[in-house]
Student: 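Questions regarding the structure given below will be posed in turn.
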Amino acid sequence: EVNLALSPEQELSMLLGANRQNRMAFEYLMTYYLLTKNLDAFVKDLVRVRDFPGFAVPPLWDEALVLASRLSGRPVQIPGHAISQEAVRRVNTVSRSIQRFGDNAALARRNLFKAYGDTYTFYWLLHL
């Protein structure tokens, strides 16, 4: 039996291949990359944002760009977009707060969720 199922990434990429201005497919693809912590693919495909005039990069995406920059050891450049200083501050604040809990991720999650649970940095560092 042959499994013809496509991964979410394959399906969304096909939709964008058929219509590069399919904003919903673009946003879902980028969200999929963030949920699966695939920052390399996220950064690579973020250049598609130019296909959507007036699209504002959400704050969580900016955090992901800051994290991607730090992981790669070089600045991430997205044509026509500057990473917000607020995103840099948020990544620094959340990272420092989590580090105070050392290796106890469960305790960090419990204590920091209310303050930082809505940040991508919290997800990146504490989601299993």
Student: With side-chain hydrogen bond (donor to acceptor under 3.5 Å, both in side chains) as the rule and sequence neighbours excluded, what pairs involving residues 35-49 come up?
Tutor: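 Passing the test, one end in residues 35-49: Y33-D45.
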Student: Taking side-chain hydrogen bond (donor to acceptor under 3.5 Å, both in side chains) as the test, write out the residues that go with R50, two or more places apart.
Tutor: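 So R50 forms no side-chain hydrogen bond (donor to acceptor under 3.5 Å, both in side chains) with any residue.
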Student: Mind checking what makes side-chain hydrogen bond (donor to acceptor under 3.5 Å, both in side chains) contact with S84, not counting sequence neighbours?
Tutor: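 If we apply the side-chain hydrogen bond (donor to acceptor under 3.5 Å, both in side chains) test to S84, skipping adjacent residues, the hits are D62.
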Student: Given L46 and H81, is the side chain to side chain contact (heavy atoms under 4.5 Å, CB included) satisfied, shown in steps?
Tutor: CA-CA 10 Å; L46 191 59; H81 177 70; 5.6 Å; no
Student: Going from CD on Q21 to CZ on F52, what distance comes out if it is rounded to the nearest 0.5 angstrom?
Tutor: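 So the gap between those two atoms works out to 7.0 Å.
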Student: How close do A87 and E63 get, counting heavy atoms only, and between which atoms?
Tutor: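 Taking every non-hydrogen atom into account, CB-N, 3.9 Å.
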Student: Can you tell me how far CG of L125 sits from CZ of F101, rounded to the nearest 0.5 angstrom?
Tutor: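 F101 atom CZ to L125 atom CG measures 13.0 Å (nearest 0.5 Å).
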Student: To the nearest 0.5 Å, how far apart are CG in N22 and CG in L15?
Tutor: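 N22 atom CG to L15 atom CG measures 5.5 Å (nearest 0.5 Å).
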Student: Got a sec, which residues hit ring-ring contact (aromatic ring centres under 6.0 Å, His included) with Y123, two or more places apart in sequence or on another chain?
Tutor: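 Applying ring-ring contact (aromatic ring centres under 6.0 Å, His included) to Y123 gives Y120, H127.
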Student: Please report the closest heavy-atom contact between M14 and L6, naming both atoms and the distance.
Tutor: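 Scanning both residues completely, I find the closest heavy atoms to be SD-CD1, 3.4 Å.
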Student: Calculate, to the nearest 0.5 Å, the distance between atoms CE and CG belonging to M24 and L12 respectively.
Tutor: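 Taking CE in M24 and CG in L12, the distance rounds to 11.0 Å.
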Student: Students often mix this up, so state it plainly: with edges at 30° and 60°, are the rings of F26 and W61 parallel, tilted or perpendicular?
Tutor: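 Ring orientation, 0 to 90° scale: perpendicular.
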Student: Apply side chain to side chain contact (heavy atoms under 4.5 Å, CB included) to the pair R70 and V88, showing each step before the final yes or no.
Tutor: CA-CA 11 Å; R70 291 183 180 177; V88 174; 3.9 Å; yes
Student: Taking side-chain hydrogen bond (donor to acceptor under 3.5 Å, both in side chains) as the test, write out the residues that go with T119, two or more places apart.
Tutor: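 So T119 forms no side-chain hydrogen bond (donor to acceptor under 3.5 Å, both in side chains) with any residue.
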Student: Check residues 102-114 and write down every donor-acceptor pair under 3.5 Å in which the side-chain atom is one partner and the other belongs to a residue at least two apart or another chain.
Tutor:
{"unit_1": "N104", "atom_1": "OD1", "unit_2": "L107", "atom_2": "N", "d": "3.0"}
{"unit_1": "R109", "atom_1": "NH1", "unit_2": "L126", "atom_2": "O", "d": "2.6"}
{"unit_1": "N111", "atom_1": "ND2", "unit_2": "L107", "atom_2": "O", "d": "2.8"}

Student: E11 versus L29: any side-chain heavy-atom pair under 4.5 Å?
Tutor: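 Side chain of E11 against side chain of L29, heavy atoms only: no contact under 4.5 Å found.
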Student: Any non-hydrogen side-chain atom of Q77 less than 4.5 Å from a side-chain atom of P75?
Tutor: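 Yes. Closest side-chain heavy atoms under 4.5 Å.
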Student: With side-chain contact (heavy atoms from CB on, under 4.5 Å) as the test, pick out the partner of W124 among V94, L34, L39.
Tutor: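 Considering V94, L34, L39, a side-chain contact (heavy atoms from CB on, under 4.5 Å) with W124 is found only for L39.
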Student: CZ of F122 to OG of S97: how many Å apart, nearest 0.5 Å?
Tutor: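 These two atoms lie 10.5 Å from each other.
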Student: Write down the atom of V43, the atom of A68, and the distance for their closest heavy-atom approach.
Tutor: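 The pair with the smallest heavy-atom distance is CG2-CB, 3.7 Å.
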Student: Is the CZ atom of R23 crowded by more than 12 outside heavy atoms at less than 6.0 Å?
Tutor: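 Enclosed: over 12 neighbouring heavy atoms sit under 6.0 Å from CZ of R23.
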Student: Is the count of non-hydrogen atoms from other residues, nucleotides or ligands lying under 6.0 Å from Y28 atom OH greater than 12?
Tutor: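 Open.
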Student: Donor-acceptor pair, S95 side chain versus N92 backbone, under 3.5 Å?
Tutor: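 No, because the side chain of S95 does not come within donor-acceptor range (under 3.5 Å) of the backbone of N92.
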Student: V66 and side-chain contact (heavy atoms from CB on, under 4.5 Å): which partner among I83, T121, L71, V76?
Tutor: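 Considering I83, T121, L71, V76, a side-chain contact (heavy atoms from CB on, under 4.5 Å) with V66 is found only for I83.
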